[in-house]
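Reminder, nothing fancy here: chain letters follow the sequence lines and each chain counts from 1.
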Amino acid sequence: MDQLYIYNTLTKEKEIFEPLKPGFVSIYVCGPTVYGDPHLGHAKSYVAFDVVVRYLRYLGYKVRYVQNITDVGHLTDDADEGEDKLEKQSRIERLEPMEVADKYMWSYFDAMDRLNVKRPDIAPRATGHIPEQIEMIEALIERGHAYETEGNVYFDIRSFEGYGKLSGRSLEEAEAGVRVETAGDKRNPEDFALWKKADPSHIMKWRSPWGMGYPGWHIECSAMSTRYLGQTIDIHGGGLENQFPHHESEIAQCEAAHEKPFVRYWMHNNMVTLNGQKMGKSLGNAISLPQFFEGDHQLLSRKWPADVIRFFLLQSHYRSTTDFSEEALAAAESGLKNLHEIFRAIDEAEPGSGSPFDIPAFVDEVKACLNDDFNTARAIGTFFEQLRSVRKQINDGNPPSNVDELAGELKMLADEVLGLWPDEAGSGGEEDRRRLHQAIELLLEIRQKARSHRDFETADRIRDRLAEVDITIEDAPQGTTYKIGGKSFTFTLTP
RNA sequence: GGCGACAUGGCCGAGGGGUUAGGCAGAGGUCUGCAAAACCUCGUACGGCGGUUCGAAUCCGCCUGUCGCCUCCA
């Protein structure tokens, strides 16, 4: 595949990607509702779309990536009488709703930074775009798609014939699915709220043409995507579970208001399970990302580094479900370690007399994987498969003559696009690092001396004790190599 | 109950009508004081039952199972 194909959830087909404006891509991904720490599900979704954006940029597109922060309007249930999630959490934590929003927004961004997810270009907040939301609701009322009753405004689902086209749901089905008591002032039970009247105890409320109130859940995405990306956007992403009702309602709002197609390519990532089960607070298996990073949960036996989680996620396709288990993570960790060894070997090698590597074929193959609806799992497989021979050449002392060029191309793909490049070791100060190396080298000298006296007890003790603090020693004919947390250094001694 | 996905070797996970995914784990070997690392070799798997076909794990049907949506969720 020499062109990018994207699986469009709307048409259920892989389609050649062609943006509305050549060279430019507008992408909107549903961001988190910030009332709690981010969890594995967020990681899967945002790592997946991170690669989408990175790859589009690699292909030369100028991308504008918008991801909202929902900090109002998301109710605890859809009975239209539910409580705002932010307000509820603010009561529990005894904080202002905006303190809750800020706290968890930063928790979210911190976790994403650690997962090496690039920040969106714009991260608009729902509370910062109340005027845009009101304006859009007014337009919907004007066009006869929405109506006001007693300070509430609802979208009239029957006025929009395309409702259900994304989720494949007919109006009758939607109606049959409504199990909860509906608010008495709706025309049809499946109509959804655009604006809600706030009672006096409500903290987050704004003045509107319909009185004091707050926006519904779906309207913020429509208003903000229109504001920053225009009326028709190229890609809209999000989790599969948001297809209905959230994305369906976004389509209705935007297309009813603008009378233009809303989204050219809908992308939905699949779900995450934990030990085969859906994560849920009621099941007691909801583990947050900070808990993974710190190993701070009953179900976890240890810490799991962010780069391992990212690699694990990218080893499966974004449209497949991903089951997390510590066994699977451990396997991913070993695999990533090996991949990093290969990357480092290529990155550090000097061009030699070995036969040149076929770089264009390699790059084309990786691109073919990614062009096929962002198949990161196959791309990673290609790295292992094709780079093995290069590593062997390097080990044998005959690096390919074009190993420098390969390192450059590899960095573009593995670092810029997939974000899997190893971190630099020794993040402490330069001075500390130098002292550390000298201390290790001193120990290696002592060990070498012990070995020459055949005092293997001492030699092994040094090796074992260093291994305990993640400094590993490898003896080779050319000299001894040591690794601090995976990053290798060569130290030559004459025995 | 309605709608929709998926079922791949010990584990994870791509692919997809006839020819190797890949990773992890495991076995043997080279090397080594031992070890580690590296390298070499080794697994012929696709839920069950029917059907289409010269040929199906890959297409169709049924069954079983798992998961998701239909209520908040990435």
Using whole Å, report how far [atom1] of [X] lies from [atom2] of [N].
X	N	atom1	atom2	value
Arg378(A)	G22(B)	CZ	C1'	11 Å
Leu329(A)	G13(B)	CG	C1'	14 Å
Trp266(A)	A74(B)	CH2	P	15 Å
Glu333(A)	C12(B)	CD	P	18 Å
Phe244(A)	G2(B)	CZ	P	17 Å
Leu466(A)	A37(B)	CG	P	17 Å
Glu326(A)	C12(B)	CD	C1'	15 Å
Arg391(A)	A37(B)	CZ	P	11 Å

For [X] and [Y], indicate whether the former's side chain and the latter's backbone hold a donor-acceptor pair under 3.5 Å.
X	Y	answer
Glu87(A)	Pro97(A)	no
Asn270(A)	Arg319(A)	yes
Thr9(A)	Trp266(A)	yes
Ser225(A)	Cys221(A)	yes

Answer with base, sugar-phosphate or nothing: what part of the nucleic acid does [X] contact at a heavy-atom distance below 4.0 Å?
X	value
Lys44(A)	nothing
Gly239(A)	sugar-phosphate
Phe383(A)	nothing
Ser320(A)	sugar-phosphate
Tyr46(A)	sugar-phosphate

Under 3.5 Å donor-acceptor pair, Arg463(A) side-chain atoms to C34(B) base atoms:
yes
Test for a donor-acceptor pair under 3.5 Å between the base of G33(B) and the side chain of Asp460(A), counting only N and O atoms.
yes
What is the per-nucleotide protein-contact pattern of nucleotides 23-28 of chain B, from the 5' end, where B denotes a base atom under 4.0 Å from a protein heavy atom, S denotes such proximity for sugar-phosphate atoms only, and - denotes neither?
SSS---
Note, RNA chain B 5' to 3' with Watson-Crick or G-U pairs under 3.5 Å encoded as ( ), [ ], | and . gives (((((((..(((.....[...))).(((((.......)))))....(((((..]....))))))))))))....
[atom1] atom, [N] versus [M]: distance in rounded Å?
N	M	atom1	value
A35(B)	G47(B)	P	42 Å
G13(B)	G1(B)	P	29 Å
G17(B)	G26(B)	P	35 Å
G22(B)	U41(B)	P	12 Å
G65(B)	G48(B)	P	15 Å
A14(B)	A57(B)	C1'	14 Å
G23(B)	A45(B)	C1'	16 Å
G18(B)	U71(B)	P	43 Å

Would you list the pairs meeting salt bridge (Lys or Arg N to Asp or Glu O under 4.0 Å) in which at least one residue belongs to residues 104-116 of chain A, sequence neighbours left out?
Asp113(A)-Arg119(A), Arg114(A)-Glu294(A)
Is any NZ, NE, NH1 or NH2 atom of the basic residue among Arg463(A) and Glu474(A) found under 4.0 Å from an Asp or Glu carboxylate oxygen of the other?
no
Close aromatic pair by centroid cut-off 6.0 Å: [X] and [Y]:
X	Y	answer
Phe343(A)	Trp421(A)	yes
Phe192(A)	Tyr154(A)	no
His218(A)	His247(A)	no
Phe324(A)	Phe312(A)	yes
Phe262(A)	His236(A)	yes

Toward the 5' end of RNA chain B, by each residue's nearest nucleotide, Ser325(A) or Lys392(A)
Ser325(A)
Want to settle it: does Ala328(A) or Asp372(A) sit nearer the 5' end of RNA chain B, counting the closest nucleotide to each?
Ala328(A)
Side chains of Glu248(A) and Gln243(A) only: does a donor on one sit below 3.5 Å from an acceptor on the other?
no
So, is Thr321(A) close to the G68(B) phosphate, meaning a side-chain N or O under 4.0 Å from OP1 or OP2?
no
Go through A38(B), A35(B), G13(B) for me and flag the one nearest to the Asp475(A) side chain.
A35(B)
In numerical order, the residues of residues 267-274 of chain A whose heavy atoms come under 4.0 Å of RNA chain B are Asn269(A), Asn270(A), Met271(A), Val272(A)
Would you please name every residue forming a side chain to side chain contact (heavy atoms under 4.5 Å, CB included) with Glu161(A), sequence neighbours left out?
none
What residues form a salt bridge (Lys or Arg N to Asp or Glu O under 4.0 Å) with Arg125(A), not counting sequence neighbours?
Asp71(A), Asp102(A)
